[in-house]
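The next block holds one structure in the form of structure tokens; read it before the comments.
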There are 2 protein chains.
Amino acid sequence: MGRKRLQESVDGRPTVHTVAARAGVSIASASRVLNGVGGSPETIRKVRAAAAEVGYVPNAIARSLQSQRTGQIALAVEDIGNPVYVAMMRAIEAVVASSGRQLLVHATGGQIANETALLRRLAHRYVDGLILSPIRITEEHLVALADSPVPVVVIGQLPPDTPVDNVRTDSQAGVALAVDHLVAAGRRRIGFVNGPLDTVPGAARDAGFRAALARHGIELDERLLEVGDFQYAAGRAATKRLLARARPDALVCANDLIAVGALHALLVAGHRVPGDVALVGMDDTELASMVLPSMSSVSLDATERGRIAAQLLLERIDDSSLPPRRITIAPHLVVRDSSPTPDGRAKQWA
Amino acid sequence: MGRKRLQESVDGRPTVHTVAARAGVSIASASRVLNGVGGSPETIRKVRAAAAEVGYVPNAIARSLQSQRTGQIALAVEDIGNPVYVAMMRAIEAVVASSGRQLLVHATGGQIANETALLRRLAHRYVDGLILSPIRITEEHLVALADSPVPVVVIGQLPPDTPVDNVRTDSQAGVALAVDHLVAAGRRRIGFVNGPLDTVPGAARDAGFRAALARHGIELDERLLEVGDFQYAAGRAATKRLLARARPDALVCANDLIAVGALHALLVAGHRVPGDVALVGMDDTELASMVLPSMSSVSLDATERGRIAAQLLLERIDDSSLPPRRITIAPHLVVRDSSPTPDGRAKQWA
DNA sequence: CAAACTCTCGGAAACGTTTACAGCAATGGG
DNA sequence: CCCATTGCTGTAAACGTTTCCGAGAGTTTG
């Protein structure tokens with residue numbers, strides 16, 4: 001009994017001690033064999049046999065404590081229901097899994113308190129690194145990022161010279177792509193349904209929209225601007241408000257969820273899309289091709305951003321002396337049926 | 001230097017030794033104070049001060065090793081992009097987070113190999129419990145479940161008498177609800193677009209559909225049956241095939257993704273919904289109210305299933321002697337615009 | 001044939017916690 | 001005034017690994 005206590009873990013499962021005793025070798029030898037480093041043929045045989053007989057599985061926690069690695073990566077996004085984050089998550093999970101690690105998912109709800117709390121919790125070292133995609137960036141974030149005890153990669157805009165690995169996209173240029181496309185098709189009364197202006201993407205897209213109109217010499221009509229959350233329901237409501245006071249001939253939306261809401265509002269109000277009002281979303285999520293008419297959308301390549309972010313993180317975990325890197329992904333426009341084709345014609349059935 | 005090595009962790013961060021030394025007490029006393037158990041007022045003051053000064057944060061891994069608890073829960077679903085799993089995940093994450101734990105997400109892709117590998121990996125004890133929502137159940141699953149080293153809760157059908165906590169829904173009855181609804185509205189040529197028949201939900205829904213038709217004395221026309229993956233694209237393709245050879249006046253779909261695909265195929269083919277063909281999806285995801293016309297759908301209450309599964313798991317973690325529990329959630333029909341209202345009339349504009 | 005290497009092995013320390021146990025002082029009751 | 005109780009404290013063991021180090025055996029080299 002006393003002897004057994006020394007060999008089995010507290011819940012009766014075999015430990016390296018069990019295996020070693022059964023094979024008649026020391027735990028050091030057993031451990032070496034089990035990790036495939038060293039051991040004479042005879043020892044290897046005995047240890048492997050013993051391990052198989054008792055069904056030994058190493059304890060990940062104990063291993064982590066010793067190796068100072070958890071084999072876990074955390075991902076924190078605002079809303080795991082947004083298809084753009086789903087795409088990102090899929091890409092990240094693929095990279096993470098292929099490196100033999102696991103992915104932890106946190107939903108922050110966009111709350112700053114949640115995010116900084118999460119950053120602080122990293123000090124517990126339950127994870128080897130974090131991929132964070134914040135929707136707002138505060139001074140608190142920057143401080144917390146600066147003395148984060150584990151590597152963090154941020155997906156999204158960060159102030160210049162923040163010494164943090166960073167994957168971003170130029171959503172300002174993305175909005176410009178949408179506007180250019182619509183102007184080229186002869187639309188002039190272009191509306192914009194945005195997310196909250198106090199978010200980083202919201203502010204960038206607002207600036208992008210204004211700049212693009214200015215570049216085309218179109219005067220901005222403030223009645224064509226609306227703001228809501230980055231959600232379907234908010235997009236639908238915002239569009240309804242906008243339509244109640246103005247007559248756009250095109251609508252740009254700050255993401256696809258908003259755009260689907262806008263599409264719904266437009267069709268319910270009896271507008272033809274793209275005949276009366278052309279529509280361009282943003283993020284190019286799966287949603288864009290699910291709806292009818294299928295939606296043009298500016299792709300910010302969430303999959304690619306996720307993949308790169310994961311790779312950057314793994315690289316930094318392996319070598320913390322790397323200089324901070326900043327990767328920018330260029331947006332591109334995917335034209336579908338909700339906006340006029342390049343030759344200016346709308347599909348006949350719409 | 002030698003002294004320092006004893007007080008700080010290998011990467012220079014403070015440990016309980018650091019705090020203890022700084023406060024001039026033993027590590028035992030320090031640990032006790034930090035855990036809020038015992039300590040004289042003076043000791044408490046000194047330790048708290050020392051901890052604050054050095055910015056001490058306990059190491060979660062070391063704590064886990066000692067306490068035999070990781071504070072982590074894993075969730076494994078087929079496809080994190082399916083909105084039904086998103087809803088489930090949201091509910092689970094809420095429960096898990098409010099118990100102070102964290103959620104790990106695994107995407108299995110429905111691969112049996114992945115799932116059994118995952119079950120085996122539980123032996124590494126990196127997590128306190130698992131919520132598994134398998135789409136297929138094999139003998140391998142049952143064996144792996146039987147000797148899982150940590151508690152597992154399964155969401156989905158399980159053979160009777162499997163001694164595993166289980167949250168399920170009666171999707172067979174769910175399909176019946178849809179069929180009853182359509183028959184009551186006078187539809188007779190009811191088609192069914194299902195997922196793979198070798199999956200548990202696929203088989204159940206197939207059986208449910210056949211039984212429901214039989215109950216109404218409607219002879220089954222095999223040409224009105226189609227099968228694909230539980231995905232949007234597959235649903236769209238399957239519906240296209242079905243429409244090429246038959247003229248249904250209603251369509252039941254095995255989930256909302258398939259249903260949105262079917263809706264797309266129907267509208268593109270020029271059918272009016274629900275005028276020519278009524279449509280009922282299943283799962284009642286957010287998607288259902290995003291599309292136009294908004295989709296009737298049989299709710300299997302994924303949110304509730306997720307919430308309950310998480311609670312069952314937490315209970316079992318706290319008390320492994322509990323008898324296996326099986327909770328069944330009743331489905332209910334949510335009628336929207338894609339199927340006739342109870343009085344048999346379709347909305348005028350469709 | 002001695003010296004220098006190369007392998008393999010086991011003991012023991014380490015990773016950073018929590019906690020059983022025993023010692024000790026102070027307190028209260030008889 | 002003594003003893004039992006209470007409340008703190010520190011020492012040391014434990015959680016289950018990996019790995020450093022020194023010892024011994026066998027092999028090569030000069």
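Remember, it's a predicted structure, so these values are computed and weren't measured experimentally. What's counted below: heavy atoms across the whole structure, side chains too, no hydrogens, waters or symmetry copies. By convention in this document, chain letters (A, B, ...) are assigned in the order of the sequence lines, proteins followed by strands, and residues within each chain are numbered from 1.
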_Tell me whether the side-chain N/O atoms of B:Thr15 come closer than 4.0 Å to OP1 or OP2 in C:dG16._
no
*Under the side chain to side chain donor-acceptor pair (under 3.5 Å) rule, collect the residues that match up with A:Ser133, sequence neighbours excluded.*
none
_Residues which pass side-chain contact (heavy atoms from CB on, under 4.5 Å) with A:Ser148, listed by chain and number, not counting sequence neighbours_ = A:Leu122, A:Val150, A:Val152
*For A:Ser98, what residues pass the side chain to side chain donor-acceptor pair (under 3.5 Å) criterion, not counting sequence neighbours?*
none
*Among all residues two or more places apart in sequence or in another chain, which pass the side chain to side chain donor-acceptor pair (under 3.5 Å) test with A:Thr162?*
none
*By salt bridge (charged side-chain N to carboxylate O under 4.0 Å, His left out), which residues pair with A:Glu304, not counting sequence neighbours?*
A:Arg307
*Does anything in residues 38-51 of chain B reach DNA chain D, meaning a heavy atom under 4.0 Å, and if so which residues?*
B:Gly39, B:Ser40, B:Thr43
*State which residues pass side chain to side chain donor-acceptor pair (under 3.5 Å) with A:Glu315; sequence neighbours excluded, sorted by chain then number.*
A:Arg325
*For B:Arg121, which residues count as a salt bridge (charged side-chain N to carboxylate O under 4.0 Å, His left out) partner, sequence neighbours excluded?*
none
*Would you say D:dG16 has OP1 or OP2 under 4.0 Å from some side-chain N or O of B:Gln68?*
yes
Using the 3.5 Å cut-off, write out each protein N or O paired with an N or O of nucleotides 25-27 of chain D and the distance between them.
none

*asked:* Just to verify, which of B:Ile155, B:Val164, B:Leu119, B:Val153 counts as forming a side-chain contact (heavy atoms from CB on, under 4.5 Å) with B:Leu132?
replied: B:Leu119
*Let me know the distance between NE2 of A:His124 and P of C:dT18, rounded to the nearest Å.*
11 Å
*Calculate the interatomic distance between A:His17 atom NE2 and D:dT17 atom P; express it in whole Å.*
8 Å
*Flag the pair A:Glu93 and A:Arg90 as a salt bridge only when some basic side-chain nitrogen lies within less than 4.0 angstrom of an acidic carboxylate oxygen.*
no
*asked:* Could you check whether B:Gln72 and A:Gln72, counting side-chain N and O atoms only, form a donor-acceptor pair closer than 3.5 Å?
replied: yes
*By a strict heavy-atom criterion of less than 4.0 Å, which residues belonging to residues 28-36 of chain B are in contact with DNA chain D?*
B:Ala28, B:Ser29, B:Arg32
*Just jot down the salt bridge (charged side-chain N to carboxylate O under 4.0 Å, His left out) partners of B:Glu139, sequence neighbours excluded, or say none.*
none
_Regarding A:Asp147 and B:Arg13, does a basic nitrogen lie under 4.0 Å from an acidic carboxylate oxygen?_
no
*Return the value, rounded to whole Å, for the distance between atom CD1 of A:Ile27 and atom C1' of C:dG11.*
9 Å
*Can you tell me how far P of D:dT17 sits from OH of B:Tyr126, to the nearest Å?*
17 Å
*Where along residues 53-65 of chain A does a heavy atom fall under 4.0 Å from DNA chain C?*
A:Leu65
*Ignoring hydrogens and angles, state whether a donor on the side chain of A:Ser67 or A:Arg69 is under 3.5 Å from an acceptor on the partner side chain.*
no
